Amino acid sequence: MAVAIILGVLGIGLLWLFIGALKGREVDRRVIFVFILVAVAAPLLVNITFKFEPTPIVQAVFDEFESLPEGSTVLFSYDFDPAMAPEVQPMANVLTRHALERGHKIIFMCLFATGEGQFNVTDREVIQPEFPDRVNGVDWVNIGYKAGNEGVLNVIVTDFKKMFPTDVNGVPYDSIKIFDKIKSCKDLDLIVSIGGGRPGIKEWVLFVGDPGNVPIATGVAAVVAPQLYPYYPKQLIGLLGGVKGAAEYESHFKKVYPKYADMATPAIFMMGPQTIAHIVIMAFIVIGNLIFFLGRRKEGEEA
Amino acid sequence: MSLSQRKSFSVFPAIQFIIIIALTFVLSVNSFAQEATDDTTSVTSVIIAPPTNLLVEDFEYDDGEKLNLIWTPSIDDQPQVGKVTGYQVFRVTNDDVTTKIAELMPGANNFTDQELDKDSTYSYYVTAIANGAEASSVTTSPISPQREWVNFGLTNLFVIALIIGGAIFYFIEMGKRGKKLFVRKIAGLEAVDDAIGRATEMGRPILYIPGIHDMDDVQTLASLTILGRVAEQIADYDIKIRMPVARSLVMTAARETIKASYQAAGRPDAYSDDMVSYITDEQFGYVAAVDGIMVREKPATVFLLGAFFAESLILAETGNHVGAIQIAGTARPAQLPFFIAACDFTLIGEELFAASAYLSNEPKALGALKGQDVGKIIAAAAIIAGVLLETVIQLTDSESAATLLGYLRQAFTT
Amino acid sequence: MRREIPLAITVFVGFLLIISVFFPPVETLGEDFSLSFDIIAVFAFFLGGGNLIRIHLKKLARRETDWMFSIVTLGGFILMLTAGLLKIGNPGDIATSVNTEGMLFESIYRSVFVPLGATMYALLAFFVASASYRAFRAKNREATILLVAAFIILMGSTPLGAMATSWMPESLSIFEIPNLAVWIMSYANLAGQRAIIIGIGLGVVSMSLRLILGVERSYLGKEG
């Protein structure tokens, strides 16, 4: 019911603007802002969701996690800040959940100083409540942030200890069980960089993936995804682009692991607003063109 | 690297066979013994074959610190059904100290040992591990890593760099000698004069945003070189310039640039350090501050030149809203669409780097732009040749075309 | 001399780093220099932070327009600096990271900094809409192509696109909107992007050589 009311209000509003456009009336940017506000906020309040099927590029990431033997070591790099978090934090969470569910070991690190705070979110929302039996240092470890951007990667591709002599809690490298087998990035079974800025996935591919021959998957903000298509499938085994990519992953993960049917799916949830907002933007593009063509015809008549 | 430098050890099939038999025997005796002592629990003994053909060779083109190991995995190492659970790599130094240097997953067949000393010798053996059993390869003969002075693996890169660099040198020289060089019109740069003129007429400030990266990004450097030209004109017209920055080093460099431009324009008294101010390194904190400046001070002209990320559209739309003429430019392809949608003029990628040369109209700088075209010709020729060859291969399965394509690929791969 | 010395350093280091790529014994020079840059940049923060304080104190002292905002800026600056340096609310020992839960720094970061960052980023949703409304008009042939492509991509990134063309037979699946959107992104868009990237690469080479050779020196100031 609520859904119908919201869509109805948006529809009537757009129709009114459409009629205005026929009279050659331009739309004020504030009116556009109000429509976007409603389009984004309303689905969040009444929870409008859609169904998703994974595209091959997303499926590839999922399959990689599935095919790695239990006990493989995966590195997650949190290369993002709070501003990017709404788009990529869901990816970080669902991928962590998938890795731990499959029994993989995880090394968390970040190339953004603010990434440490973002890892805490995953720790709070996924690791602690869902995998309380996994031991810090044995099943996962957070080695945190080191300044130096690609300089950091250049070092860890051959030697972790040199750059990360301890984890974030000051536990020395040699006493961390995960690192018994892992001396450098080359010993990793998979690297997942989540982010979209610089330093980020491109640096990982350039400084670690290519020279170290380590498979890399990524989750990035939608705006960066097109630039990364050239890297798929050779340098990147797969890619989650924006909220849609995350929603596809969440949806597929829930399907394959029914016991997670009730897990939080922030990306699927966010796709509601994104879908309605896209429709509103398309409507405004149509209105803009209508005004333009009518205006041009009028000019032509006057001339 | 000459062949004599490669120290290899390949096991002859006969020896290999004997080793397997011997191992089988040892391991089975072992398991019998276990069964004899504890016949209440059945122990499943595992017998595995060792990895073979272990080959150690010098890592090509390094500083004498790495060795490459390659081997054939144990025949018991098969996907899904294999018994091998992993490999261990051992290093034996010339003073007979044996160290385990790596534990690898099943299926592994190579390893690079690093941080070695080129004056020592090293031997290696690899052990396949299974549940309760292990089988080692033969130990290789000692080898030292070699230092190579020149990386011949990058010869093609060197040649390409030489051609492009040479062309740039050549055209700079041509420029110096006064040869007239044609550079196409760039609308965004033609508009710079008008944009500054407009600020003069309206009596409003000019806002200059150099992106959010530090001085180690060539886009920021390009932006500051443009600033040098623009600031001189600004000094001439006596307009206010505001330049909020996101990096401390950029602040210092921008002040020097503007100060020098004001001196060059003969107006050193009009310069003030407050023209450039540091805001914050934090991306969106910076954007909030710059948007605030735009809304409060309503600049007549906004320059957005440098490295931009998600903030590009937020800045450009606010600038558009306050009615400023906006000239933007970045080498971040993802941000170009936003600038094109919201700004009056956009310098696309290379135009940002060409801008300063274009504005200065100095023959030497223009020569460098011309030299760059040689690189474009090479790139275009290689793309066309590649597409044609690939098409021919698809249509005719021609082997010679495939060979040619292979050469072409090699020429552009490092 | 003020310009000759920096120029000499640029020429020397520039050529050294280009050449170092081809010689394994010195190939890590680039890393060493970039680390040195990071160290210098960290110290330069004192310049930036100092400038921030100076400007806002001046604004306060002179009671310039909007001086109240300067109080907020300075207050925030000092609060975060103190919370971080003194590790207020530290649940562990001195070596504990400032991002550990329970620390005042972490709490402010989570409850103030994160929402503020996300708010600024969220402005994009509004600005994308207003920019698309203005920019996507079929003014000429190129703009029309842009408009159509934008429409397909927009449709393709929502379930709407899949719904709209799900009736198409399997043989025409390439024309289904999500597939068309992927096609545009991975072929048309990609080809264009690559061309721009090649141009940028060459632009960087030319720019760098101009800087190294001292042809471009306006960032160091003018002659005279």
Side-chain angles (χ1 to χ4, degrees), chain B residues 61-63 147-151 154 158 164-165 168 172 214 216 218 221-222 224-225 228-229 232 248-249 251-253 256-257 259-261 263-264 274 277-278 284 287-288 296 310 313-314 317 331 333 338 341-342 348-350 352-354 356-357 360 364-365 368-369 371-372 375-376 379, chain C residues 18 21-28 34 37 40-41 44-49 51-52 55 65-66 69 113 116-117 119-121 123-124 126-128 130-132 134-136 193 196-211 213 215-224:
Chain B
Y61 310 128
D62 67 339
D63 192 22
R147 164 187 273 174
E148 287 85 20
W149 288 98
V150 181
N151 187 344
L154 296 177
F158 184 74
I164 297 175
I168 293 174
I172 289 177
D214 217 327
D216 60 342
V218 67
L221 277 169
L224 290 188
T225 58
R229 316 275 175 214
E232 213 174 306
S248 308
L249 281 180
M251 176 186 81
T252 324
E256 288 297 316
T257 309
K259 196 196 266 178
S261 299
Q263 269 166 2
D274 289 349
S277 55
Y278 168 78
F284 288 106
V287 177
R296 284 192 301 273
L313 185 68
I314 304 181
E317 268 296 284
F338 295 132
I348 296 171
E350 58 174 321
L352 174 71
F353 301 116
S356 146
S360 72
K364 278 192 286 181
L369 297 189
Q372 185 182 326
K376 275 189 211 165
Chain C
I18 292 177
V21 175
F22 302 100
F23 299 95
V26 288
E27 69 186 352
T28 52
S34 73
F37 174 85
I40 296 171
F45 170 75
F46 290 104
L47 289 176
N51 172 255
L52 188 84
I55 285 185
T65 3
D66 302 324
F69 296 131
F113 186 77
L116 284 180
T119 306
M120 284 310 290
Y121 190 41
L123 283 180
L124 271 179
F126 298 94
F127 288 154
V128 161
S130 62
S132 324
R134 256 198 350 266
F136 289 125
Q193 289 236 9
I196 291 176
I197 290 170
I198 292 172
I200 289 171
L202 291 165
V204 170
V205 171
S206 155
M207 180 85 208
S208 308
L209 277 178
R210 285 196 326 260
L211 293 169
L213 294 173
V215 171
E216 190 67 76
R217 52 180 81 178
S218 61
Y219 71 109
L220 292 170
K222 279 265 179 225
E223 263 108 334

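Just so we're clear, the structure is a prediction, and the values are computed from it rather than from any experiment. We name chains A, B, ... by the order of the sequence lines, and we start the count at 1 in each one.
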Heavy-atom contact with chain B under 4.5 Å, split by part of C:Val128 = both
Contact summary for C:Pro25 and B:Glu148, nearest pair of heavy atoms | CD-O, 3.4 Å
Contact part of C:Leu47 toward chain B, heavy-atom cut-off under 4.5 Å: side chain, backbone, both or neither?
-> both
Count the heavy-atom pairs under 4.5 Å between each of C:Leu202, C:Val204, C:Val215 and chain B, then report the option with the highest count.
-> C:Leu202
Atom CG in B:Asp63, atom OG1 in C:Thr28: separation rounded to 0.5 Å?
-> 7.5 Å
Once the angle between the rings of C:Tyr121 and B:Phe284 is folded into 0 to 90°, is it parallel (under 30°), tilted (30 to 60°) or perpendicular (over 60°)?
-> tilted
Are C:Phe23 and B:Val150 close enough, and set up right, to give a side chain to side chain contact (heavy atoms under 4.5 Å, CB included), and what steps lead you there?
-> CA-CA 5 Å; C:Phe23 299 95; B:Val150 181; 3.6 Å; yes
Quick one: what part of B:Asp62 sits under 4.5 Å from any heavy atom of chain C, side chain, backbone, both or neither?
-> backbone
Would C:Thr65 and B:Arg296 satisfy side chain to side chain contact (heavy atoms under 4.5 Å, CB included), going step by step from the backbone distance to the final call?
-> CA-CA 10 Å; C:Thr65 3; B:Arg296 284 192 301 273; over 6 Å; no
Of the backbone (N, CA, C, O) and the side chain (C-beta and beyond), which part of C:Ile198 lies under 4.5 Å from a heavy atom of chain B, both, or neither?
-> side chain
Charged N-O contact under 4.0 Å between B:Arg229 and C:Glu216 = yes
Atom pair CG (C:Leu123) and CD1 (B:Ile314), whose distance is rounded to the nearest 0.5 Å = 5.0 Å
Least distance between heavy atoms, B:Val287 atom then C:Met120 atom | CG1-CE, 3.8 Å
Pick from C:Pro24, C:Ser206, C:Gly203: which one has the most heavy-atom pairs with chain B under 4.5 Å?
-> C:Pro24
Considering residues, nucleotides and ligands other than B:Phe158, do more than 12 of their heavy atoms fall under 6.0 Å from its CZ?
-> no
Nearest heavy atoms of C:Ile200 and B:Glu350, plus distance in Å | CG1-N, 4.0 Å
Under 4.5 Å from a heavy atom of chain C, the part of B:Ile348 involved = side chain
So which heavy atom on C:Gly199 is nearest to which on B:Gln372, and how close?
-> O-NE2, 4.3 Å
B:Glu317 versus chain C, heavy atoms under 4.5 Å apart: side chain, backbone, both or neither?
-> side chain
When every non-hydrogen atom of C:Ala44 is compared with those of B:Ser248, the smallest separation belongs to O-CB, 2.9 Å
Measure distances from C:Phe113 to the heavy atoms of chain B and classify the residue's part below 4.5 Å as side chain, backbone, both or neither.
-> side chain
With a 4.5 angstrom heavy-atom cut-off, which part of C:Leu211 approaches chain B: side chain, backbone, both or neither?
-> side chain
Specify the closest pair of heavy atoms between B:Ser277 and C:Ile55, including all atoms of both residues, with the distance to one decimal.
-> CB-CD1, 3.3 Å
Checking heavy atoms, do the side chain of B:Ala365, its backbone, both or neither come under 4.5 Å from chain C?
-> both
Of the backbone (N, CA, C, O) and the side chain (C-beta and beyond), which part of B:Leu154 lies under 4.5 Å from a heavy atom of chain C, both, or neither?
-> both
Which portion of B:Leu352 sits near chain C, non-hydrogen atoms under 4.5 angstrom = neither
Among C:Thr119, C:Leu124, C:Asp66, C:Ile196, the residue with the most heavy-atom pairs under 4.5 Å to chain B is C:Leu124
Under 4.5 Å heavy-atom distance to chain B, tell me which part of C:Leu116 shows up: side chain, backbone, both or neither.
-> neither
Value for CZ (C:Phe37) from CG (B:Asp214), rounded to nearest 0.5 Å, stands at 4.0 Å
Drop me the distance from C:Arg217's CZ to B:Thr257's OG1, to the nearest 0.5 angstrom.
-> 14.0 Å
